[in-house]
Amino acid sequence: MTSASPDRSAAAARPQLAHLARQPILDGKLRTVGYELLFRANATDNIAGVTDGTHATSTVLANALAEFGLETVVGALPAWVNFTAEYLTEGLPIPLGPKALVIELLEDAVPTPDLLERLGDLKRQGYRIALDDFIYRPELAELLSVANIVKIDIRNRDFDEIGQQVKLFTKHQVQLLAEKVETMQEYDRCTKLGFSLFQGYFVCKPELMHQKRTPANRVALMRLLSELFATDPNIDRIRQHVQQDVTLSYRLLKWLNSSLFSLPHAVESIQHAIIMLGLHRLRNLVSLIVLARIDDKPNELITTSLMRARVGENLASHFGVSPETMFTVGLFSVLDALISMPMTQILESMPLAPEISAAILERDGTCGRLLSGIEAHERGEWAGIEAAGLDLALLTPAWVDAAVWVRSVRSMAQPAGLGGARTAPAAR
């Protein structure tokens, strides 16, 4: 009997991992209205690697439902999943109801009578049908009669050309979704062209309005964060800052007395909270609450900040870095977009540890490499995950835990019972 080679034996011994990524779908008010679930064949390619589209669809659905749990992946929002024409016409199972699923028909679909009949039946059942990466051609016009949404990839395309495509859809009852929107300028132009849904990472990039002054609440926010992260923080001044803000005080005490912390004794005062938490945890918790109160930014931007913080915290000990440090790196990685100030200017006013600043500004050091890997996972770029030295066996449970935690945190951010307090954006 010939023994298996070491490489083959090692491969057989490794657990089979479920791979899944998601990208948010935003509406015209930058509210998250769904997540597209992305298939990846393995953990090392930054492309989908689809050789069998029907298998890819089945895998995405199986991973979302059985491996991760749909609520963990998308919460109460619908999942957007790619379907081949063959999957639909062959009558393969669709295990999600109309409210939980948007059916994305892949761009290579041909409008055969069987396909049109199946799409029409699904639409009558209440499913929304989206045409993925759609470019209008007369022979595809029949698909528009059964579609609810048309997705148009705007990357590397002239806006005049995109505008001409948009005009072709005006006589059809469809919503237009702009894919791969990377800047707020592109979002603004797409809005003017008639798009009402958007996909891309433009919400994580700051739009700097130099002609406007920084709003007063941003100034107060920066003062508090600067005090928290000072080299020699003054605990008494931090306590005064927190106590003077009724909403912040309420949320801090509410969170500490919730199941998120499971402390042995109820926390009754800010002074008590500082003693119970210690400086590191106090910094991160107060920063989290303060950032969650920014209510003029997209919900998904807050979610991104919280997800990065928690995933980083979960992974930190495996790479020999402090969980508190990695939490801070993830939490502040989109601070420029949240506050609408250049990151260099923000960090100059916050005396963070050099490794934190280097990680955020340059993705340098172990923390910076971890942050790059977390960002790669957000984009579904599996090669980027591997380049960062991350193992999906570690990253996947860390991400699942973070998704559950973020929903808990966002629900706790609602100050129920506190009259007149401003709420954080709802979890989406």
Side-chain angles (χ1 to χ4, degrees), residues 22-38 74-83 96 98-107 109 119-120 122-137 140-205 207 295-304 337 379 425-428:
R22 69 180 189 184
Q23 289 186 352
I25 309 290
L26 308 178
D27 67 9
K29 295 183 178 179
L30 301 184
R31 297 172 299 195
T32 307
V33 295
Y35 288 99
E36 180 175 3
L37 305 187
L38 305 176
V74 298
L77 297 174
W80 295 49
V81 177
N82 288 326
F83 284 80
L96 298 174
K99 292 184 179 180
L101 177 68
V102 175
I103 295 171
E104 290 195 42
L105 182 67
L106 289 173
E107 63 271 17
L119 290 172
L122 289 167
K123 188 175 181 179
R124 284 188 291 274
Q125 292 178 42
Y127 287 97
R128 285 180 290 166
I129 311 297
L131 305 180
D132 193 27
D133 288 339
F134 193 76
I135 298 176
Y136 180 84
R137 300 195 305 273
L140 300 178
E142 287 181 290
L143 288 174
L144 292 170
S145 66
V146 291
N148 304 94
I149 301 158
V150 171
K151 299 182 68 175
I152 298 176
D153 186 341
I154 72 163
R155 208 71 271 125
N156 301 318
R157 295 180 68 182
D158 183 86
F159 270 91
D160 289 337
E161 176 195 352
I162 296 171
Q164 292 171 4
Q165 280 277 309
V166 167
K167 289 179 182 177
L168 297 172
F169 302 123
T170 54
K171 61 183 179 181
H172 299 279
Q173 300 297 315
V174 293
Q175 278 185 287
L176 298 180
L177 185 153
E179 290 189 273
K180 297 183 182 177
V181 182
E182 299 299 331
T183 68
M184 287 300 294
Q185 289 77 15
E186 289 175 348
Y187 160 77
D188 289 337
R189 294 192 70 174
C190 288
T191 299
K192 291 174 182 175
L193 286 176
F195 288 90
S196 59
L197 296 171
F198 306 89
Q199 191 171 357
Y201 286 90
F202 64 103
V203 295
C204 289
K205 296 185 179 181
E207 181 186 25
D295 58 5
D296 63 345
K297 295 293 182 177
N299 289 332
E300 193 60 34
L301 187 54
I302 304 295
T303 297
T304 297
R379 298 187 293 269
R428 290 190 171 273

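Heads up: numbering here begins at 1 and tracks the sequence.
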Over 12 non-hydrogen atoms of neighbours within 6.0 angstrom of NZ in Lys180: no
Find out whether Thr304 and Tyr201 are in side-chain contact, i.e. whether some heavy atom of one side chain is under 4.5 Å from a heavy atom of the other. no
For the residue pair Lys167 and Thr170, what are the closest heavy atoms and their distance? O-OG1, 2.8 Å
I'd like to know if the side chain of Glu161 and the backbone of Arg157 have a donor-acceptor N/O pair within less than 3.5 Å. no
Residue from Glu36, Gln199, Glu300 passing side chain to side chain donor-acceptor pair (under 3.5 Å) with Gln23: Gln199
Is there side-chain contact between Phe169 and Ile152, with at least one heavy-atom pair below 4.5 Å? yes
Of the options Asn148, Ile129, Leu96, which is the one that meets Ile103 in a side chain to side chain contact (heavy atoms under 4.5 Å, CB included)? Ile129
Nearest 0.5 Å, please: how far is CD1 in Ile162 from SG in Cys190? 6.0 Å
Beyond-backbone contact of Leu37 with Val74, side-chain heavy atoms, under 4.5 angstrom: yes
Report yes if some heavy atom in the side chain of Ile154 is under 4.5 Å from a heavy atom in the side chain of Phe198; otherwise report no. no
In Å and rounded to the nearest 0.5 Å, what is the CD to CG distance from Glu107 to Leu140? 11.0 Å
On a heavy-atom basis, which atom in Gln125 and which in Pro98 lie closest, and how many Å separate them? O-CG, 3.3 Å
Scan Lys192, Gln164, Arg189 and name whichever one has a side chain to side chain contact (heavy atoms under 4.5 Å, CB included) with Phe159. Arg189
So CZ of Phe83 and CG of Leu101: to nearest 0.5 Å the spacing works out to 5.0 Å
Give the minimum heavy-atom separation between Tyr187 and Gly28, together with the two atoms involved. OH-O, 2.6 Å
In Å and rounded to the nearest 0.5 Å, what is the CG to CG distance from Asp27 to Leu177? 11.0 Å
Please report the closest heavy-atom contact between Pro78 and Arg128, naming both atoms and the distance. CG-NH2, 3.6 Å
If I take atom CE from residue Met184 and atom OG1 from residue Thr191, how far apart are they, to the nearest 0.5 angstrom? 8.0 Å
Does atom CD (Gln173) have a neighbourhood of more than 12 heavy atoms from anything else shown, all under 6.0 Å? no
With heavy-atom distances below 4.5 Å as the criterion, would you say the side chains of Leu144 and Leu131 are in contact? yes
If we check side chain to side chain contact (heavy atoms under 4.5 Å, CB included) with Val33, which of these qualifies: Val102, Ile25, Leu26? Ile25
Is it true that a side-chain atom of Tyr136 and a backbone atom of Val166 form a donor plus acceptor pair closer than 3.5 Å? no
So, do Leu119 and Leu143 sit near enough that their side-chain heavy atoms are less than 4.5 Å apart? yes
Could you grab the distance from atom CD1 of Ile149 to atom CG of Asp132, nearest 0.5 Å is fine? 11.0 Å
Heavy-atom nearest pair, Thr303 first then Tyr35, reads CG2-OH, 4.5 Å
Any idea which heavy atoms bring Pro298 and Val203 closest together, and the distance? CG-CG1, 3.9 Å
